[in-house]
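Structure first, then comments.
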Amino acid sequence: MSSTDTALSARDFKSSQEVKWCPGCGNYSILNQMQKVLAETGATKENTVFVSGIGCSSRFPYYMDTFGFHGIHGRAPSIATGIKIANPDLNVWVITGDGDGLSIGTNHLIHTIRKNIGLKIVLFNNRIYGLTKGQYSPTTEFGKKTKSSPWGTIDYPIHPICISIGAEVTFIARCVDVDVQCMQTVLRRASEHKGTAFVEIYQDCNVYNHGAYSFASDRKTKLDNVLYLEHGKPMIFGKDRDKGIRLNGITPEVVERGKGIAVNDLLIHDEKAPEPTLAYLLSRMHFPDYPEPVGVFRDVEEPAYENLLMNQIGEATEKLGEGTLESLFNAGDTWTVN
Amino acid sequence: MSTATKKKESAATSAAEKGIKELPHAAVRFAGDSGDGMQLAGTQFTNTTAVFGNDISTFPDYPSEIRAPAGTLGGVSGFQVNFGSHTVYTPGDEVDALIAMNPAALKMNLKELAEGGILIINTSEFTKSNLQRAKFETNPLETDELSRYRVYKIPITDQVLEAVKDTGLGTKQAARCKNFYALGLAFWLYDRPLDTTLHWIETKFARVPAVAIANTLALKAGYNFGETAEIFPVRYKVDRADLKPGKYRSLTGNQATALGFVTAAKLAKKPLFYGSYPITPASDILHELSYYKNYDVRTFQAEDEIAAMNAVIGAAYAGNIAVTGTSGPGSALKQEAIGLAVMTELPCVIVNVQRGGPSTGLPTKTEQADLWQSVLGRNSDCPVPVIAARWAAACFDTAIEAVRVAVKYMTPVFMLSDGYLANCSAPWRIPEPSELKPIEIKHADDPETFQPYQRDENGARPWAIPGTPGMQHRIGGLEKEHITGGVCHFPENHERMTNLRAQKLANIARDIPDQKVFGNKNGDLLLVSWGGTYGAMRQAAKYLIEADRKIGHMHMRWLNPMPSNVGDILKRFKKILVCELNAGQLRFLLQAHYKVDTLGLNKVQGLPFKINDIVKKANELLGGK
């Protein structure tokens, strides 16, 4: 029976494979939310494809009862591009990590985003190499001691949202692995976006980098350290919603509400802004100087690559007629030998 | 003097008649600065000659710099065309006529001109500064260093300026018409009609009438100069060739490759996906295919070679006919992903238009040195079938066969072409579409019986594509369990899968035609060759056989696997000479496979073999005569 005939539940998207991530890994939550979102959005098993590279995150496709392709290191966006162009009707997700997507595969990530290919790219950022057992990654904080940096790293970290904005991303969002609500919203929005949707998930590696995001996941402190972005709303945060973000010149600053600061003085989030200036400004806000923004930074519409390609094919076919072997062979100067 | 030249001359003399001398074949080379339009002149001469009914073979020879400084040796661009009234196998070992548009072109090309050959020189460009740029210490026109040739000194640039002066073009633009003057002169010299080129000019420059008129005037001025100046004692005629009846067009190897893939996709009733990164000399395949949108060709210009190969794998997974094209350095970058295609057993074709290496090497020059890379160049035991095109137009059939094998056996396939085949052109007899066998593709669609790594009688696994209800499954680069395709690290399973992958390659050997031998089936010497050297090799073999040498010629198309009778053939000859444009790669593989002693003829100059290279070496080995 075709699975399009019946509504599917989250459970239907679980494959028969035993999940082999370390107990307590942030990936479990992502897997669960993904399965829920697919069920909620009416996705089908046969039209959904998960493509991954190498790393802990990249085991993800094995655990989904959809089509899945576990590729090679860093190249998932390219494999997924081929799939999407070959069949634009498929829902193609790319699962990658900070090592896979931001080190060996950065080139492909940037160009996929730039071309606005209709892929949903989910980057699990745990700021460490987990599968190879604990070396620093491109997103590891400066000075951190890891297996390959016993004296502290001397690499400056890369900021995935900043570089995706540099590549003209049309949809960019961030969430934290334990924040189930926010993750579901973000994944649902990503699945609905036409063109490249890029989602960064702050994910805890409880073995090699535990607590990297405790500022954003700890129930007691997270509301003071995270800024939930809401389109058209002023940027307010804090347990008591007593703080906000104001622009001082071209620099954002944290202000306390009351004390002469009115709501009108605060920055209003605009995820639809044609220029990504505000999204970029938000992407530069890091703990502890700022609350770190989560939610949708930017969501604008631009034609997706595969649609432009199919349009060109359609237009050429309309103009020149559908190509046949006769027309192919007999083009150009020909001559006949009797 | 080569056997070829001797034959040519005797035929020529006997056919001589009043004013017009008949030749069995003739080779002409246009040479000038890279901005002088020599490729265009050569192509036009080729088209006219093809339409006239000669067999042809061409060889463009251009620098890798887009525009080296004008007049320098590095900026010389040449185009050679050989045409005949019989089968023409190569662009010619040497040329019968050289048109040199400046001192640098003369210096770089003179060694290609046969002794006593026609040398047309554009004297307008033999200025002091141009002579210096070409590193001439004395003006060769004023010494006797050209005395071995029949020299015709014509102030071409000046004549063109005079001919087009009424068109209103500026001097610089007017002077650019000089290639058409040279072309017109060559048309007169070899008794070719002007109409094909006139028609081309009219269409090409429809929007710039002044340029169209100027080029037409220049073309006619060149032709008329030949007619009226009476400086040429004779003109030449090369009769129509006895080609197989049918409709023809002229194709370069890259064009034929592109056409082959579009055809294969049509025969398979599938879209064609071509993912590629621009690289000399393969880029023309991308250019050509990107035009064919109305054939549902989906070209993807990737950010790099690696992305191109991975996108091809994705497109294959999703059910397109998936192809990438590249050259040596790009092929090296793709190898890891090709391993993924082997592990996931997905059908795709990698075209490697080989060039001189290693590293960046000689981007615009030809070589055959990526055989090892194709057969052996991946991590672990990673068999990939390898087929090589032997002839520009044969790239068409080779591309179709590569696709056919890829989808039948669920495997990546290497198709080897080279810089020489890519750019040289030859007549292609247009097939009737009904002559071509459809490519049958059956996608797995029964969830009840589906096992991702269950093999058919060929050893191929089923091709189940996303979008098919109930067929969801996971594949990837990790070792697969036999039949189920689940991830499996068991020792016995890995060994079994390694053997199954090797067996699949061996199965292809049962499917490909037996290796043929041209000439003697046993004897003193077997000439062995592969890929783009076919023309020179076959012509050399013909000359040797005509001279009663007991030789055979084995030209290989499938290199991995090799046809199953190759071992038997090698045993039937006293000596084996493996001729390649590399340092001995096929020779190494043959020795490893068949434990035979072989000799090598290896040329690694970035240039194709000359017929005489082979004849000379063969005679040396055979002794006597």
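Numbered from 1 within each chain, the chains take letters A, B, ... in sequence-line order.
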* Could you tell me which non-hydrogen atom of B/Thr299 sits nearest to which non-hydrogen atom of A/Tyr305, and how far apart they are? => O-OH, 3.9 Å

* To do: Say whether A/Thr317 and B/Tyr295, considering side chains only, have a donor N or O and an acceptor N or O under 3.5 Å apart.
  => no

* Measure the spacing between CG of B/Leu340 and NE2 of A/His70 and express it to the nearest 0.5 Å. => 9.5 Å

* To do: Calculate, to the nearest 0.5 Å, the distance between atoms CD and CZ belonging to B/Gln472 and A/Phe13 respectively.
  => 9.0 Å

* B/Asp304 and A/Arg75 ion-paired at < 4.0 Å -> no

* **Heavy-atom contact with chain A under 4.5 Å, split by part of B/Ser250** => both

* **4.5 Å side-chain heavy-atom contact, B/Met471 and A/Phe67** => yes

* Segment of B/Tyr248 engaging chain A (4.5 angstrom heavy-atom cut-off) -> both

* Output the distance between atom OG1 (A/Thr81) and atom CD (B/Glu303), rounded to the nearest 0.5 Å. => 7.5 Å

* Given a strict heavy-atom distance threshold of 4.5 Å, which part of B/Phe300 is in contact with chain A: side chain, backbone, both, or neither? -> both

* Look up atom CG in A/Asp65 and atom NE2 in B/His473, then write down how far apart they are to the nearest 0.5 Å. => 12.0 Å

* To do: Look at A/Gly74, A/Gly105, A/Gly332, A/Ala331 and state which one has the largest set of heavy-atom pairs under 4.5 Å with chain B.
  => A/Ala331

* To do: Of all the heavy-atom pairs spanning B/Arg298 and A/Pro88, show the shortest one and how long it is.
  => NH1-CD, 4.2 Å

* Residue among A/Gln17, A/Met310, A/Glu315 with most heavy-atom pairs under 4.5 Å to chain B -> A/Met310

* A/Phe50, part contacting chain B, at a heavy-atom distance under 4.5 Å -> neither

* Quick one: list whatever passes side chain to side chain donor-acceptor pair (under 3.5 Å) with B/Ser425, sequence neighbours left out. => B/Thr58

* Toward chain A, the part of B/Gln255 with a non-hydrogen atom under 4.5 Å -> neither

* **Residue part contacting chain A, namely of B/Val297, when any heavy atom lies under 4.5 Å** => backbone

* Structure fact -> Comparing A/Glu326, A/His108, A/His111 against chain B, the one with the most heavy-atom pairs below 4.5 Å turns out to be A/His108

* To do: Indicate yes or no: at least one non-hydrogen side-chain atom of A/Lys45 is less than 4.5 angstrom from one of B/Pro466.
  => no

* What are the two closest heavy atoms between A/Ala316 and B/Lys293, and how far apart are they? -> CB-CB, 3.5 Å

* Using a cut-off of under 4.5 Å for heavy-atom pairs, which of B/Gly53, B/Gly476, B/Ala311 has the most such pairs with chain A? -> B/Ala311

* Asked: Is chain A contacted by the side chain of B/Leu251, its backbone, both, or neither, given a heavy-atom distance below 4.5 Å?
  -> neither

* Indicate whether any N or O donor in one side chain lies under 3.5 Å from an N or O acceptor in the other, for A/Lys319 and B/Asn294. => no

* **Per-residue contact mode, B/Leu346 against chain A (heavy atom under 4.5 angstrom)** => side chain

* What residue, out of A/Ile85, A/Val51, A/Ile54, A/Val49, has the most heavy-atom pairs lying under 4.5 Å from chain B? -> A/Ile85

* Could you tell me the separation between the CD1 atom of B/Ile430 and the OG1 atom of A/Thr336, rounded to the nearest 0.5 Å? => 8.0 Å

* Please flag which part of A/Thr48 lies under 4.5 Å from any non-hydrogen atom of chain B: side chain, backbone, both or neither. => neither

* Asked: So what's closer than 4.5 Å to chain A heavy atoms on B/Phe52: side chain, backbone, both or neither?
  -> neither

* **Student check: side-chain heavy atoms of B/Leu478 and A/Tyr62 closer than 4.5 Å** => yes

* Give the minimum heavy-atom separation between B/Ala318 and A/Ala86, together with the two atoms involved. => CB-CB, 3.7 Å

* Asked: What are the two closest non-hydrogen atoms of A/Leu325 and B/Leu267, and how far apart are they?
  -> CD1-CD2, 4.1 Å

* **Residue part contacting chain A, namely of B/Ala50, when any heavy atom lies under 4.5 Å** => both

* So what's closer than 4.5 Å to chain B heavy atoms on A/Lys84: side chain, backbone, both or neither? -> neither

* Residue B/Pro431 versus chain A: region with a heavy atom under 4.5 Å -> both

* Atom group of B/Ala337 that falls short of 4.5 Å from chain A, counting heavy atoms -> both

* Part of B/Lys244 lying under 4.5 Å from any heavy atom of chain A -> backbone

* Let me know if A/Leu90 has heavy atoms under 4.5 Å from chain B in its side chain, its backbone, both or neither. => side chain

* Measure across A/Thr66 and B/Arg474 and return the closest heavy-atom pair with its distance rounded to 0.1 Å. => O-NH1, 2.8 Å

* Measure the CG-CG distance between A/Leu328 and B/Leu259 for me, rounded to the nearest 0.5 Å. => 4.0 Å

* To do: Tell me, yes or no, whether the heavy-atom count around B/His199 atom NE2, taken from other residues, nucleotides or ligands under 6.0 Å, exceeds 12.
  => no

* Pick one of side chain, backbone, both or neither for A/Thr334, based on which atoms fall under 4.5 Å of a heavy atom in chain B. => both

* Should the pair B/Trp428 and A/Phe329 be assigned to parallel (<30°), tilted (30 to 60°) or perpendicular (>60°) ring geometry? -> perpendicular

* Please determine, among A/Leu320, A/Ile110, A/Thr112, the option with the most heavy-atom pairs under 4.5 Å with chain B. => A/Leu320

* Answer with side chain, backbone, both or neither: which region of B/Pro271 has an atom nearer than 4.5 Å to a non-hydrogen atom of chain A? => neither

* Structure fact -> If you tally heavy-atom pairs under 4.5 Å between each of A/Glu318, A/Arg114, A/Met64 and chain B, the highest tally belongs to A/Met64

* Asked: Side chain, backbone, both or neither: which part of B/Val312 has an atom under 4.5 Å from a heavy atom of chain A?
  -> neither

